[in-house]
Amino acid sequence: MLLNKRIQELELVMEFEKVEECFKEVSSWIENVGRKRLKETINLDDSLEMLLQAQKQFKEFDLVASEYCKRGQEALKKMNRWEDFSSVDVHSYRVKLQTYKDQVEEFCTQLDETRHRVGETVRLYEFFDKVRQGICCTEEGVKS
C-alpha cells in the first residue's frame with residue numbers, strides 16, 4: 001500500500017513538471033502584461049468618446065486575458081489530485097501549486113471586476129449623455 005502511494009506521488013510529480021510549463025507561462029503573462037494592463041484601466045477618461053475607446057481596448061485585452069485565465073484554470077484542474085497527498089516529498093510541489101492557484105484566481109477575479117466596472121461606467125456615461133442631449137433639446141425648444 002505504501003509502495004502504491006509512493007508510485008502515485010512520483011506520477012504526480014512527473015505530471016506537475018509537465019503542467020508547470022503552462023503555469024510558468026500563464027504566471028509570467030499575468031505578472032508582465034496582465035496586471036499592468038488592469039492597472040491602466042483604473043483611471044477611466046471623463047468623456048464618453050474616450051471611455052468608449054478605452055472599452056474597445058479593454059475588450060481586446062479581455063479576450064487575451066480570458067484565454068490565459070482559462071489555460072491556468074484548466075492546468076489547475078489537472079492537478080486537483082494533489083490534495084490527497086501530504087508527504088514531505090510532495091509538500092514543495094503543493095506549495096508551488098497553491099501559489100499558482102492563488103495568482104490565477106486573483107487575476108481572474110480582478111479581470112471580472114474590471115470588465116464589470118468598465119461596462120457599468122460606459123452605461124452610466126451613455127445615460128448621462130442621453131440626459132444631457134434631452135436637456136439641450138428641451139432648452140432649444142423653449143428658446144424657439
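One is the number of the first residue; the rest follow in order along the sequence. Note that the coordinates shown come from a computational prediction; the quantities given were computed from them, not determined experimentally.
Taking CG of Asp102 as the start and CD of Gln98 as the end, the distance is 4.5 Å to the nearest 0.5 Å. The OH atom of Tyr68 sits 15.0 Å away from atom CD of Gln73, with the distance rounded to the nearest 0.5 Å. Considering SG of Cys69 and CG of Leu111, their distance stands at 5.0 Å, rounded to 0.5 Å. Atoms CG and CG, on Leu124 and Asp129 in that order, are 11.0 Å from each other to the nearest 0.5 Å. With values rounded to the nearest 0.5 angstrom, Arg37 atom CZ is found 10.5 Å from Asp62 atom CG.
Side-chain contact check for Lys96 versus Met79: every heavy-atom pair is 4.5 Å or farther apart. At least one side-chain heavy atom of Lys24 sits less than 4.5 Å from a side-chain heavy atom of Tyr100. Side-chain atoms of Arg115 and Asp112, non-hydrogen and from C-beta on, do get closer than 4.5 Å to each other. The shortest side-chain heavy-atom distance between Leu38 and Phe61 falls under the 4.5 Å cut-off. The shortest side-chain heavy-atom distance between Phe23 and Gln103 does not fall under the 4.5 Å cut-off. Contact annotation: the side chain of Leu10 never approaches that of Met14 to less than 4.5 Å [non-hydrogen atoms, C-beta and beyond]. Counting heavy atoms from C-beta on, the side chains of Arg35 and Gln110 come closer than 4.5 Å. Annotation: side chain of Thr114 is in contact with side chain of Arg117 (closest heavy-atom distance under 4.5 Å).
Sorted by first then second residue, the ring pair (Phe, Tyr, Trp, His ring centres under 6.0 Å) pairs that include residues 103-135, not counting sequence neighbours, are Trp29-Phe107.
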List the atom pairs, with distances to 0.1 Å, where a side-chain N or O of residues 47-60 and a protein N or O form a donor-acceptor pair under 3.5 Å, not counting sequence neighbours.
unit_1	atom_1	unit_2	atom_2	d
Ser47	OG	Met50	N	3.1

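Of the charged side-chain nitrogens involved, none lies within less than 4.0 Å of a carboxylate oxygen, so that Lys36 and Glu31 do not count as a salt-bridged pair. For Glu120 and Arg123, the salt-bridge test passes: some basic side-chain N is under 4.0 Å from an acidic carboxylate O. We find that Lys78 and Glu15 are not joined by a salt bridge, their nearest charged nitrogen and carboxylate oxygen being 4.0 Å or further apart.
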From CA spacing to verdict: side chain to side chain contact (heavy atoms under 4.5 Å, CB included), Leu97, Val19 | CA-CA 10 Å; Leu97 184 61; Val19 175; over 6 Å; no
